[in-house]
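For reference, the structure is listed below as C-alpha cells.
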Amino acid sequence: QVQLVESGGGLVQAGGSLRLSCAASGRTFSSCAMGWFRRAPGKEREVVAVINRSGDSTSCADSVKGRFTISRDNARKTVYLDMNSLKPEDTAVYYCAARSGLLSGSRYYFEEYEYGYWGQGTQVTVSS
C-alpha cells in the first residue's frame, strides 16, 4: 500500500514558479514509478510528467516541456514537480500517482490506468 499527500499548490502570477511535493508512505516507494497528472476545469485529467523508480529517466508532456521538471528523493520518499514560467492554462488540480513496485519495471509510465495509487490533489491557480 502507498499513500500519497501532495503539497505546494497555490495562487501565482503568470511567469512565476511553484514547487509541488508528493510525500509517500509505505516501504515500497523506491520501487514505484511515479507521475504527476492534472485536471483543468471542464477537462479530462492529463499526464504532466513521469519518472521511473530510480529517478534516472523522466518525460514530460509537450505542453510543459522546458518549463516543468519532475524529480524524486527515494530516501525522503518524495517526488517533486518544479514548475517555472507558469501560464494561466496551467491552472488545474495537480495529482501525484504511484505505480505498484511489483508492477514497475525500470521505465516510466504515461497512462492513468497504469497507476494504482493517487493523492487527493493540490490546486494550482495561475493568474494573468
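As a basis for the values below, the full set of heavy atoms in this structure was taken, side chains included, without hydrogen atoms, waters or symmetry mates. Every value quoted in this text rests on a predicted model; they were computed, and no experiment measured them.
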Would Ile70 and Leu20 show up in the same hydrophobic cluster when neighbours are defined by side-chain heavy atoms closer than 4.5 Å? yes
4.5 Å side-chain heavy-atom contact, Gln13 and Leu86: no
I'd like to check the side-chain hydrogen bond (donor to acceptor under 3.5 Å, both in side chains) partners of Tyr115; sequence neighbours left out, ordered by chain and number. none
Rounded distance [0.5 Å steps], OG in Ser54 versus CZ in Arg72: 7.5 Å
Residues pairing under salt bridge (Lys or Arg N to Asp or Glu O under 4.0 Å) where one sits in residues 79-89, two or more places apart or in two chains, turn out to be Arg19-Asp82
Show your reasoning for whether side chain to side chain contact (heavy atoms under 4.5 Å, CB included) applies to Val124 and Thr91. CA-CA 5 Å; Val124 172; Thr91 294; 5.9 Å; no
Asn74 side chain vs Lys77 backbone, donor-acceptor pair below 3.5 Å: no
Approximate separation, where rounding is to 0.5 Å, of Leu81 CG and Phe68 CZ: 6.0 Å
Might you work through the side chain to side chain contact (heavy atoms under 4.5 Å, CB included) test for Arg99 and Cys32, ending with a clear yes or no? CA-CA 5 Å; Arg99 176 177 170 91; Cys32 294; 5.7 Å; no
Closest non-hydrogen atom pair, Ser128 against Ala14: CA-CB, 4.3 Å
Counting only pairs under 3.5 Å, give me each side-chain donor-acceptor contact of residues 3-12, with atom names and distances, residues two or more places apart or in other chains.
unit_1, atom_1, unit_2, atom_2, d
Glu6, OE1, Gln120, N, 3.1
Glu6, OE1, Gly121, N, 2.9
Glu6, OE2, Cys96, N, 2.8
Glu6, OE2, Gly121, N, 3.2

Start with the C-alpha gap between Glu46 and Arg39, add the side-chain angles, then the distance that decides, and say whether salt bridge (Lys or Arg N to Asp or Glu O under 4.0 Å) holds. CA-CA 6 Å; Glu46 62 177 3; Arg39 179 183 282 129; over 6 Å; no
For a 4.5 angstrom cut-off between non-hydrogen side-chain atoms, does Trp36 reach Val50? no
Out of curiosity, Thr125 OG1 to Asp90 CG, how far, rounded to the nearest 0.5 Å? 11.0 Å
According to a hydrophobic-cluster definition based on side-chain heavy atoms being under 4.5 Å apart (Ile, Leu, Val, Met, Phe, Trp, Tyr only), do Val64 and Val93 belong together? no
Can you list the residues that meet the ring pair (Phe, Tyr, Trp, His ring centres under 6.0 Å) rule with Tyr80, with sequence neighbours excluded? none
Drop me the distance from Thr122's OG1 to Arg38's CZ, to the nearest 0.5 angstrom. 14.0 Å
Provide the closest heavy-atom pair for Cys60 versus Ala49 in the form atom of the first, atom of the second, distance. SG-CB, 3.8 Å
Is the closest side-chain heavy-atom distance between Ser100 and Thr28 below 4.5 Å? no
Say you draw a straight line from OG of Ser31 to CG of Asn52; how long is it, rounded to the nearest 0.5 Å? 12.0 Å
For residues 84-112, which residue pairs pass the ring pair (Phe, Tyr, Trp, His ring centres under 6.0 Å) check, not counting sequence neighbours? Tyr108-Phe110
Which atom names give the shortest non-hydrogen contact between Ala23 and Thr78, and what distance separates them? CA-OG1, 4.2 Å
Test of ring centre spacing under 6.0 Å for Trp118 and Phe37: yes
Do Met34 and Ser71 come within less than 4.5 Å of each other through their side chains, counting heavy atoms only? no
Supply the members, apart from Tyr113, of the Ile/Leu/Val/Met/Phe/Trp/Tyr cluster built from side-chain contacts under 4.5 Å; use none for a lone residue. none
